[in-house]
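Read through the structure below, which is laid out as structure tokens, and then see the notes.
Chain letters run A, B, ... following the sequence lines, proteins first, then strands; residues in each count from 1. Everything numeric here is computed off the predicted structure, so don't read it as measured data.
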Number of protein chains: 4
Amino acid sequence: MTRPLRADAARNRRLLLAAAADEFAERGLDASIADIARRAGIGKGTVFRHFATKEDLIAAIVLDRVEVLIETGDHLLEAEDSGEALLEFLSVAAEQRQQRDLSFLQGASGGNAEVSRVQARLQETIDALVGRARDQGAVRDDVTGTDLFLLMCAPNYVAGYAPGAPPDLWRRYLAIIFDGLRPQGAHPLPHPAPRL
Amino acid sequence: MTRPLRADAARNRRLLLAAAADEFAERGLDASIADIARRAGIGKGTVFRHFATKEDLIAAIVLDRVEVLIETGDHLLEAEDSGEALLEFLSVAAEQRQQRDLSFLQGASGGNAEVSRVQARLQETIDALVGRARDQGAVRDDVTGTDLFLLMCAPNYVAGYAPGAPPDLWRRYLAIIFDGLRPQGAHPLPHPAPRL
Amino acid sequence: MTRPLRADAARNRRLLLAAAADEFAERGLDASIADIARRAGIGKGTVFRHFATKEDLIAAIVLDRVEVLIETGDHLLEAEDSGEALLEFLSVAAEQRQQRDLSFLQGASGGNAEVSRVQARLQETIDALVGRARDQGAVRDDVTGTDLFLLMCAPNYVAGYAPGAPPDLWRRYLAIIFDGLRPQGAHPLPHPAPRL
Amino acid sequence: MTRPLRADAARNRRLLLAAAADEFAERGLDASIADIARRAGIGKGTVFRHFATKEDLIAAIVLDRVEVLIETGDHLLEAEDSGEALLEFLSVAAEQRQQRDLSFLQGASGGNAEVSRVQARLQETIDALVGRARDQGAVRDDVTGTDLFLLMCAPNYVAGYAPGAPPDLWRRYLAIIFDGLRPQGAHPLPHPAPRL
DNA sequence: AATGAATGAGTCTTCATTCAT
DNA sequence: GATGAATGAAGACTCATTCAT
């Protein structure tokens with residue numbers, strides 16, 4: 001169904017996705033296709049040749065990112081220290097969004113079937129990571145994979161409100177949140193974990 | 001500078017702000033002025049009589065909210081248990097945004113001088129709250145008022161990604177984050193706290 | 001539901017409909033809203049304030065025309081000579097389209113419920129006109145209202161292909177077609193009349 | 001001027017013209033080159049190798065059709081019954097357009113010199129057919145070849161407005177119009193016949 | 001010679017903002 | 001003071017046409 005792209009088309013596709021990610025990061029979802037095209041150094045029409053719709057473009061970005069995370073997570077399932085593994089996973093997730101928070105894109109591609117499927121797949125991976133960590137006592141008992149799925153983007157979000165801050169300020173907030181996930185000194189949680 | 005409004009104008013202003021908050025909560029920043037006006041039951045032109053600009057309207061909402069928070073925080077400075085006080089403050093902040101995350105509005109009114117001034121004032125209040133809690137050993141040593149300013153919106157943000165969840169799911173994530181702020185089992189933080 | 005328009009808005013609406021009719025007549029359905037607006041001397045946005053959609057604009061034009069025809073037809077039902085009445089009706093119909101054929105608009109607004117309703121109403125009027133004429137022997141036996149509904153636009157269509165011709169050249173072709181509708185020298189028709 | 005095409009090129013040209021005719025018939029003049037190419041099973045670029053311009057493609061289709069008509073007409077000049085011959089000619093013309101009205105294409109290729117030339121040639125043929133029929137008293141005195149040139153497409157046009165109708169409904173309207181062309185019961189015509 | 005990727009002008013439509021009533 | 005009509009800039013998207021492969 002998806003035949004290999006011509007060399008130049010593949011290059012354009014890459015340029016386009018990169019430019020779009022940058023532009024969305026800087027301007028949010030309202031970034032215009034025209035600006036993205038200009039940034040990628042290609043024509044407006046070319047954007048639509050690659051992605052029939054702005055939503056499709058967004059979905060493609062999200063897909064890219066989610067797939068990388070799945071792979072990362074699956075690798076980390078084999079690490080010795082399950083607590084470290086989970087922390088590492090969250091770090092990779094945050095690093096991905098380092099430029100600026102792109103998590104809102106996730107919401108934007110809600111309708112997209114493929115995105116939903118891959119997100120479910122990511123959820124499974126996270127469930128496994130959290131399960132192991134919980135079993136080994138690396139994270140508190142009452143925390144679930146869904147919780148982590150939701151918390152995943154928080155460090156970038158928090159750091160994003162500090163304008164001139166170093167780009168990896170998120171590490172500070174990931175550390176705080178992760179301390180909140182440890183069993184030591186955990187207070188009971190209101191509300192059960194949600195289901196998605 | 002601000003002369004008293006005529007009674008009906010004051011009423012309209014209140015209706016307008018409420019409608020705008022609702023509409024922004026439901027639709028995000030792209031909520032249209034026309035829809036807000038309709039929701040408030042007033043004419044589009046009247047919106048602009050009250051706020052010269054969409055940005056000004058947003059700023060007014062933010063201002064309202066920030067002012068409430070300042071007042072809340074100032075009150076809580078006199079509470080006995082400084083840890084409880086800080087937690088309560090964060091709860092009030094989250095409750096305010098309960099309907100849906102409105103924190104993005106904060107970003108949108110970045111340029112507004114008045115907002116900046118009031119935010120600085122809020123920062124001071126939070127600094128004081130955190131200072132007391134730190135002094136009493138209720139929160140870890142290495143956490144600052146700025147950190148809390150930034151973390152303040154995280155619980156809503158996190159909960160916001162769970163679609164059908166109960167409206168106060170944020171409580172769960174506030175509890176986790178707050179546990180991460182406690183001295184027990186705290187691991188040292190990378191990066192110093194940022195300055196705004 | 002439809003409250004009276006403000007004086008200037010009503011004027012603009014009239015200008016707009018006239019300009020749109022002209023522009024569609026000259027350029028066909030592809031006439032651009034921008035050109036129509038320019039021709040009407042109003043802003044592009046104003047077009048959309050009056051008609052939410054290009055299709056709605058087209059429907060409004062068709063509606064206008066069809067309603068006039070219904071009224072004309074209903075009047076003519078009371079004329080003495082039913083043959084003359086039918087001919088007169090067709091003349092008015094053609095005159096309406098004199099500038100250039102606008103009948104294609106009819107097709108374009110197919111989906112519009114109101115247009116459909118009014119067209120059905122027009123059909124009834126034509127049925128009545130034809131029925132009387134047939135009863136009085138002014139038109140041949142085997143011709144129906146539906147036939148006339150369909151034939152109605154033909155004179156303009158035919159004349160439209162003669163570039164520099166006088167604007168009411170349609171009269172010539174209406175005369176020919178009308179002679180074909182008379183009982184004298186009528187040959188039997190293949191195919192029964194269609195139903196719409 | 002027109003050198004012989006390579007075998008495959010000739011085949012492509014034929015496929016292309018057929019696909020274009022179908023597509024125009026179904027979608028009207030706005031049929032896109034991309035769709036036509038897809039339908040023909042060839043690349044978009046190939047369309048432009050054959051016809052430099054969309055207009056040229058349209059002109060080619062019109063040319064094809066007009067040439068067939070000329071040939072048909074010339075044959076029919078030798079038929080015994082000149083009235084039957086004329087009716088037959090009109091029937092062939094209508095049959096050609098049976099799928100859906102393609103007469104609009106005629107208008108679209110107005111500027112094309114070759115089309116104009118061939119249309120003039122067709123006009124002559126029709127003049128001759130009508131001349132004979134008039135001389136033999138098969139059609140009324142006051143009708144000219146130009147009239148018939150113009151009336152030629154009317155039957156399809158009329159039938160085209162009846163959605164679910166049988167494809168050769170045009171026969172009914174051709175019969176009516178042709179009855180209008182007969183000498184019996186003819187009323188004098190307003191306007192002289194136009195000249196093209 | 002064929003292909004389909006790239007292009008940008010042009011289309012409809014939305015919306016903050018201004019202004020006449 | 002309130003209203004909503006008017007405006008035009010800006011956005012997503014389409015498509016004939018050009019050009020590298």
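- Within the structure, every side-chain polar atom (N or O) of B/R49 is placed at least 4.0 Å from both OP1 and OP2 of F/dG1.
- Look at CZ on C/R13: it is 12 Å from P on F/dA6, rounded to the nearest Å.
- Taking the charged nitrogens against the carboxylate oxygens, C/D8 and C/R11 have no contact shorter than 4.0 Å, which rules out a salt bridge.
- Using a distance-only test at 3.5 Å, with no hydrogens or angles considered, a donor-acceptor pair links the side chain of D/K54 to the main chain of D/L29.
- For the pair C/N12 CG and E/dC19 C1', the interatomic distance rounds to 14 Å; values are reported in whole Å.
- Within the 4.0 Å cut-off from OP1 or OP2 of F/dG1, not a single side-chain nitrogen or oxygen of B/H50 is found.
- Residues B/T53 and B/F48 fail the side-chain proximity criterion, which asks for heavy atoms closer than 4.5 Å.
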Legend entry - side-chain contact (heavy atoms from CB on, under 4.5 Å) between D/V115 and D/I58, worked out: CA-CA 10 Å; D/V115 170; D/I58 294 171; over 6 Å; no
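- Rounded to an integer number of Å, the gap from C/D8 CG to F/dT3 P is 18 Å.
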Legend entry - Structure string for DNA chain E in dot-bracket form, Watson-Crick and G-U at under 3.5 Å, | interchain: .||||||||||||||||||||
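- At whole-Å resolution of the value, CD1 in D/I42 and C1' in E/dA2 are 9 Å apart.
- Nucleotide E/dA2 holds its C1' atom 13 Å from the CZ atom of D/R11, rounded to whole Å.
- Across the interface with DNA chain F, nearest-nucleotide mapping of B/G41 and C/G43 shows B/G41 to be the residue nearer the 5′ end.
- Side-chain contact between D/E114 and D/L63 is present, with heavy atoms from C-beta onward closer than 4.5 Å.
- Within the 3.5 Å criterion, the main-chain N or O of C/R39 finds no donor-acceptor partner in the side chain of C/E23.
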Any protein N or O atoms within reach of nucleotides 13-17 of chain F? Criterion: under 3.5 Å, listing atom names and distances.
from	atom 1	to	atom 2	distance (Å)
F/dC13	OP2	A/K54	N	2.9
F/dC13	N4	A/K44	NZ	3.4
F/dA16	OP1	D/K54	NZ	2.9
F/dA16	OP2	D/I33	N	2.9
F/dT17	OP2	D/K54	N	2.8

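- The nearest whole Å value for the distance from the CD1 atom in C/I36 to the P atom in E/dG10 is 17 Å.
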Inset, instruction - Please test C/I36 against C/L57 for side-chain contact (heavy atoms from CB on, under 4.5 Å), starting from the C-alpha separation and ending with a verdict. - result: CA-CA 11 Å; C/I36 290 173; C/L57 169 58; 4.2 Å; yes
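- If you take CG of C/L57 and P of E/dT11, they are 15 Å apart, rounded to a whole angstrom.
- The shortest distance between side-chain heavy atoms of A/Q96 and A/V68 falls below 4.5 Å.
- Checking each of A/N12, A/I61, A/D22 against A/L17 for a side-chain contact (heavy atoms from CB on, under 4.5 Å) leaves exactly one that passes, namely A/I61.
- Rounded to whole Å, the distance from CG on C/L16 to C1' on F/dA6 is 12 Å.
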